[in-house]
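To find a chain, count down the sequence lines: A is the first, B the second, and so on, and within it residues start at 1.
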Protein chains: 2
Amino acid sequence: MSPTAPGRRGPRARRVTLADVAARAHVDPSVVSKVVSGDPSLRIRPETRRRVLAAIRDTGYRPNALARSLRSARSGMLGMFVPDFTDAASARIVAGAETAAAELGMLLVTGSNTGPGLRRYVELLGRGRIDGLLLVRDEQGSGVLGELERSGVPWLLLDLAGGQARRHVVPDDERAAALAVTHLRSLGHRRIAQLPARRAGGTHGHGATAMRAFLRRGSQATAVIVPDVVAATGALAALRAVGRSVPGDLSVVALRDLPPAADLTPPLTAVRTPFGDLGRRGVELLVRTGADRPVAEVVSTGVRLVERGSTGPPR
Amino acid sequence: MSPTAPGRRGPRARRVTLADVAARAHVDPSVVSKVVSGDPSLRIRPETRRRVLAAIRDTGYRPNALARSLRSARSGMLGMFVPDFTDAASARIVAGAETAAAELGMLLVTGSNTGPGLRRYVELLGRGRIDGLLLVRDEQGSGVLGELERSGVPWLLLDLAGGQARRHVVPDDERAAALAVTHLRSLGHRRIAQLPARRAGGTHGHGATAMRAFLRRGSQATAVIVPDVVAATGALAALRAVGRSVPGDLSVVALRDLPPAADLTPPLTAVRTPFGDLGRRGVELLVRTGADRPVAEVVSTGVRLVERGSTGPPR
DNA sequence: GTGAAAGCGCTAACAC
DNA sequence: GTGTTAGCGCTTTCAC
């Protein structure tokens with residue numbers, strides 16, 4: 001419970017600054033600064049250090065992040081722009097990125113394309129506020145990136161290979177597809193179809209449409225690979241609508257496994273894509289490599305098939 | 001501690017400052033400042049303003065957000081701490097909050113409890129970096145909130161009523177339950193059971209367990225209300241396991257509708273909870289009301305029943 | 001109408 | 001070992 005009830009809080013305590021701490025410990029502000037930020041080049045008498053630490057504790061000093069960033073020209077924040085927070089893949093990428101950032105002592109400033117868009121987001125960010133920008137599946141049509149680059153802010157595109165710039169990290173979709181094929185072959189399938197993927201990610205309607213097209217074509221395939229779970233729900237619905245059973249009449253594997261897969265009927269066999277690792281890797285690369293070097297990484301860790309109920313031997 | 005600095009600025013990209021713009025426009029920096037921030041008390045000759053604007057355009061000046069915040073003691077950022085980004089309800093709350101924030105010219109710094117926790121998050125934030133903190137469904141056990149309050153940072157709890165502090169905004173769960181009951185009664189149900197809710201939100205296992213307990217009890221109820229969709233998937237699975245059909249043998253309504261509901265078998269009738277509005281309202285209240293006033297708002301807009309396939313007349 | 005001066009709170013180079 | 005000196009880039013009186 002919070003000790004001070006909001007209504008009865010006393011007058012706001014004057015903020016404690018470095019100078020206050022220094023005065024109390026009878027040392028110079030710069031010494032306190034070095035103690036606080038753990039400067040390794042500082043050689044200080046244990047007794048002095050103790051005094052400083054005591055003063056910090058007594059005063060309840062907390063560094064002003066703004067002043068620190070302004071002076072040191074590093075904000076300790078990373079921008080992250082996603083298409084939509086409610087998109088499950090984006091959520092996982094954000095989660096991975098946030099963890100990696102925290103491990104590096106950094107924080108994430110998020111924005112999404114359901115808001116006023118990338119251009120405005122970068123404007124609001126202003127100069128100096130972020131040390132780098134992570135873009136999830138963004139078509140980077142606007143000149144924002146070039147502008148960013150000119151002001152020295154490194155950026156990285158996640159989950160989408162980005163043209164000639166070669167600043168991206170993507171999941172290993174080929175490996176995922178290969179895993180799906182291997183699985184289906186091992187069940188005895190010889191004719192395997194793949195429904196087309198969309199760069200932006202599938203929708204329910206898109207999956208249904210693609211499946212109907214597949215059906216209309218009169219394909220001989222006994223198994224089909226769907227680019228993602230959302231598209232798969234559409235495909236499954238289309239199949240159900242024409243009375244085809246899964247996996248009896250047709251086996252279905254989805255790529256890019258996400259939670260709803262397990263709750264579908266039948267539960268969907270899918271290949272897991274390491275979205276969290278994508279975010280994590282993005283943060284690490286963004287922080288470690290400069291703005292000028294190309295980055296083109298494929299994340300393969302943790303890609304694996306999760307067998308559920310939508311695949312079986314061909315009839 | 002101190003992260004490796006990403007992307008050092010290119011050699012010729014010396015940052016443009018207010019002073020540069022001022023020099024170019026032959027005015028004082030303070031005048032430029034006022035023009036940029038749209039100070040209404042500024043009376044300036046149209047011709048001078050034009051010169052300033054031109055200088056801004058020519059130099060590609062962008063204000064340094066850090067310096068501005070340091071000086072004005074407002075950061076234009078809000079902290080948002082959620083249990084887990086991959087939790088669909090949290091994702092919606094974040095989405096709503098981000099939109100509202102952007103409309104107010106503010107930005108969100110996010111953190112989640114899957115990382116190193118609230119205490120560390122607030123530590124990383126440091127002083128001055130946020131103008132307020134939004135906590136989603138956090139048990140606020142630690143003394144972090146009191147500490148925050150002492151340094152004058154207002155906070156608000158979302159989606160959980162928080163003890164005596166009365167600083168929260170929550171969805172109208174009573175109205176939601178009432179809607180569910182009305183719907184079931186109109187179908188002819190007279191005995192309606194409600195599965196217990198958990199403060200932290202249900203899990204698949206929790207829903208299954210609760211449903212088995214309900215079954216074991218030999219209840220005469222012909223319809224049951226489940227606290228959320230995740231719990232409902234568990235409940236549905238438990239029902240399927242004992243061969244009871246939905247809605248034939250038992251009607252099921254979930255509260256707090258979320259996407260997977262439509263893809264379940266049968267598609268789940270559920271009451272929509274306005275998670276996005278919760279986030280939006282949280283931001284608005286946090287920004288408008290001071291740290292000292294109690295806030296206890298119930299968001300009822302947009303609560304409504306979405307009829308899908310899991311409810312029908314009692315047999 | 002515009003300018004001058006004084007910092008916001010901190011860090012970094014260098015002095016002693 | 002610890003202190004001095006300069007700002008980082010901006011806003012805000014207040015002066016003229």
Rounded to whole Å, CZ of Arg43(B) lies from P of dG3(C) at a distance of 16 Å
Whole-Å distance, Arg127(B) CZ to dC10(C) P, equals 9 Å
query: Which of residues 48-60 of chain A have a heavy atom under 4.0 Å from DNA chain C?
result: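 Result for residues 48-60 of chain A: none.
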Counting primed atoms, P, OP1 and OP2 as sugar-phosphate and everything else as base, the B/S/- map of nucleotides 3-13 of chain D against protein heavy atoms under 4.0 Å is BB-BBBBBBBB
Quick one: list whatever passes salt bridge (Lys or Arg N to Asp or Glu O under 4.0 Å) with Arg92(B), sequence neighbours left out.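 Salt bridge (Lys or Arg N to Asp or Glu O under 4.0 Å) check on Arg92(B) returns nothing, list empty.
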| request: Name all residues meeting the salt bridge (Lys or Arg N to Asp or Glu O under 4.0 Å) criterion together with Arg281(B); count only those two or more places apart in sequence or in a different chain, and write none if there are none. | output: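 Applying salt bridge (Lys or Arg N to Asp or Glu O under 4.0 Å) to Arg281(B) gives Glu284(B), Glu297(B).
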Checking [X] now: which residues fulfil side chain to side chain contact (heavy atoms under 4.5 Å, CB included) with it, not counting sequence neighbours?
X: Ser112(A); value: Val82(A), Phe85(A), Thr114(A), Glu98(B)
X: Val298(B); value: Val170(B), Asp172(B), Ser300(B)
X: Thr301(B); value: Asp277(B), Val299(B)
X: Asp87(A); value: Asp84(A), Ala89(A), Ser90(A), Arg137(A)

Indicate whether the side chain of Asp39(B) and that of Ser41(B) have a donor and an acceptor atom separated by less than 3.5 Å.
-> yes
Using the test side chain to side chain donor-acceptor pair (under 3.5 Å), find all partners of [X] that sit at least two apart in sequence or belong to another chain.
X: Ser33(A); result: none
X: Thr110(A); result: none
X: Thr99(A); result: none

Each base of DNA chain C marked ( ) or [ ] if paired in-strand (Watson-Crick or G-U under 3.5 Å), | if paired to another strand and . if unpaired gives ||||||||||||||||
